[in-house]
Amino acid sequence: MTVAAAVLVYLALVVPDAIGRMKPGTFIEGAFLRVPIEIIIGGAIVLALSPRWRRPVAALFGLGLGVVVILKVLNVGFRQVLGRRFDLVLDPPLLRDGYNALTETDGRTYANLAVAAAILLAVVALVACTFAALRLAAATARYANPARRTLVGLTAVWVALAISGITLFPNAPVASDSAADLLKSTAKSVPVAIRDQRHFAEAADSDPFRGVPPTDLVSGLDGKDVLIGVVESYGRSALTDPAMSAVVNPVLDANQKKLTDAGFAAKTGWLTSSTYGGGSWLAHASFQSGLWINSQQRYHQLTASNRITLTSAFHDAGWQTVGVEPGNTVAWPEASFYGYDTIYDSRNMGYQGERFGWSRMPDQYTLDFFQRNAYAKRTKPLMAEITLTSSHEPWTAIPQTLPWDQIGDGSSYAANALNRQELWSNPSKTQLQYAKSIGYSVDNLISWATKYGDKDLVVIMFGDHQPMSIVSGNNASHDIPVTIIAHDPKVLDRLADWNWADGLKPAASTPVWQMDQFRDRFFTAFRSQGGVAMPHR
């Protein structure tokens, strides 16, 4: 039992929280061949304590070690999905969203079992680590002199390794203090989050366009119908990774020809998203508000403010505003903040077909519903945002494209879904399915525009974030493509100094802006004097 306790404590201290980033064959060296300073410090403290205090302090150490284990597991998950560590202050609300996503893709029973298992494992980690610490404390007290000699030897070894700087895995030196560093960084995140709340409130209140008449902000689009199409998980990797670009680029080339034949032109740039792998609403908020929304705390602060958004500017300037959110299953109170007159979601879009993974309905159905219920019935200029969800993970089912006059209530769509576990166990196959889903979403959006759009249509198409690391790879950028499509050449003339590439694909020299820069640049280009881009921040 003592040996088992020692192994448990050792593993809890040295196994890194970035397991998914290790290259094959480096796990043993990176995770196990390390000397943790926490064992040395903990053992010294236990030996120095009186018998009265030894057990309660050891129990406290064990609970702390259990917390370290839980944080490491959370970090591994967050790194895999969102490309960053878990933030103890800002990220707990995302756990609920993860549960909701799991419910949508695998069912409520599976999601509830996953939550129960997670809670059980957390309790087991706390109990097991506490027991292990108590067991080792008792053994240390029983064999005090050998324990002291061992600690002195370990201290000498740790100091020598620290001075030499030997590292068998990047950011994981053999002289390890990773557990202490994790606790320290977690503790430091609390005051950082508190300060961020205050600083963000000041930034949200300081809007350079407050006081500008709404009609002036978008006067360059007077009489135009503006459609923002958000392609879920459409990231840079889809255009630059050879395995995926081989699928996506031919789709873009074919759709560029469709646009040209229909009299449309396009310009495309890059934006750096405020999120990665998930958290789409944070990206939507950054794009719309001109603020960097990278946490749920900032999102709540933003939607409680009176910040001008792209939608609210059009709304206040006299446009009819519509939001189409097929992924929403409950009321969306933030719609009033953005400035939508009407919201369509999964509850009122009349879809009667099969589900396609997380997405309740194919993008083609979403666009057809928008065409029939909003675009074809508009009585004044229309501004709409449509979220296209067919490219949302898990990419297990790609809808077929039907003739537009045969879509009906969606019951003709048939879902031939792959098993997610089997799909995700093969990264190459997952990349292929993801690329197909991006091609499907983009193709249907462009097909809608060329079939139904007229000379007054302007389409803004962008991805909300990169796909998770199983597709985009470790350490992928947060960049996404953004395209503006218009029939009237005067619209794209206003973007001349943006230096975006012609067509649906950015060039190597195309500038990269942060996503929160788009709103200000857009207003500057399309306000009454027009055509002058905001300086880089």
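For the 3.5 Å distance criterion, the side chains of Q466 and S237 qualify, holding a donor opposite an acceptor. Using modelled atom types, one finds no donor on one side chain facing an acceptor on the other under 3.5 Å when comparing T366 with Y344. When only modelled atom types and interatomic distance are considered, H465 and S280 share a side-chain donor-acceptor pair under 3.5 Å. R108 and Y99 share a side-chain donor-acceptor pair at under 3.5 Å. A donor atom on one side chain and an acceptor atom on the other are found under 3.5 Å apart for T311 and Q288. Looking only at atom types and distance, the side chain of S437 has no donor-acceptor partner in the side chain of S391 under 3.5 Å away. Looking only at atom types and distance, the side chain of N294 has no donor-acceptor partner in the side chain of S274 under 3.5 Å away. A donor and an acceptor atom, one from each side chain of E334 and W281, are nowhere located under 3.5 Å apart. T309 and S312 are linked by a side-chain donor-acceptor pair at a separation below 3.5 angstrom, with hydrogens and angles left out of the test. Q364 and Y413 share a donor-acceptor pair across their side chains, judged by distance under 3.5 Å alone.
A donor-acceptor pair under 3.5 Å is formed between the side chain of K72 and the backbone N or O of A12. For W500 (side chain) and V482 (main-chain N/O), no donor-acceptor pair under 3.5 Å exists by modelled atom type. A distance-only check finds no donor-acceptor pair linking the side chain of N444 to the backbone of D363 [under 3.5 Å]. Looking at R34, its side chain does come within 3.5 Å of a backbone N or O of V14 through a donor-acceptor pair. Checking side-chain atoms of N75 against main-chain N and O of R85 turns up no donor-acceptor pair under 3.5 Å. In this structure, D443 contributes its side chain and Y440 its backbone to no donor-acceptor pair below 3.5 Å. Under a 3.5 Å cut-off, the side chain of Q514 and the backbone N or O of L271 do not form any donor-acceptor pair. In this structure a side-chain-to-backbone donor-acceptor pair under 3.5 Å is missing from Q431 to A243. A donor-acceptor distance shorter than 3.5 angstrom exists from the side chain of S189 to the backbone of T186, with no hydrogens or angles considered. Side-chain atoms of T430 come within 3.5 Å of backbone N or O of L423 as a donor-acceptor pair.
Identified under the salt bridge (charged side-chain N to carboxylate O under 4.0 Å, His left out) test for residues 186-208, with sequence neighbours left out: D196-R298, D205-R210, D207-R307, D207-R519. Identified under the salt bridge (charged side-chain N to carboxylate O under 4.0 Å, His left out) test for residues 389-399, with sequence neighbours left out: E393-R420.
Using a 4.5 Å heavy-atom cutoff, the side chains of Y234 and S441 are not in contact. Between S472 and Y276 there is a side-chain heavy-atom pair separated by less than 4.5 Å. A 4.5 Å side-chain heavy-atom check between F518 and I460 finds at least one atom pair inside the cut-off. The side-chain heavy atoms of E385 and H284, taken from C-beta on, include a pair separated by under 4.5 Å. Taking 4.5 Å as the limit, some side-chain heavy atom of R360 sits within range of a side-chain heavy atom of S346. Looking only at side-chain heavy atoms (C-beta outward), I39 and L136 stay at 4.5 Å or farther from each other.
Ring planes of W395 and Y434: perpendicular class, angle over 60° (limits at 30 and 60°). Between F462 and F287, the two ring planes are parallel [angle under 30°; tilted spans 30° to 60°].
When each of L445, I438, V230, V324 is paired with L388, the side-chain contact (heavy atoms from CB on, under 4.5 Å) condition holds for L445 and for no other.
The structure places CD of Q421 at 11.5 Å from CG of L418, a figure rounded to the nearest 0.5 Å. Of the inter-residue distances, the one linking Q433 atom CD with M244 atom CE reads 13.0 Å to the nearest 0.5 angstrom.
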If you apply the rule ring pair (Phe, Tyr, Trp, His ring centres under 6.0 Å), what do you find for W332 with Y338, and how did you get there?
CA-CA 11 Å; W332 186 40; Y338 283 106; 5.6 Å; yes
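Shown here are the salt bridge (Lys or Arg N to Asp or Glu O under 4.0 Å) partners of R236, two or more places apart in sequence or in another chain: D479.
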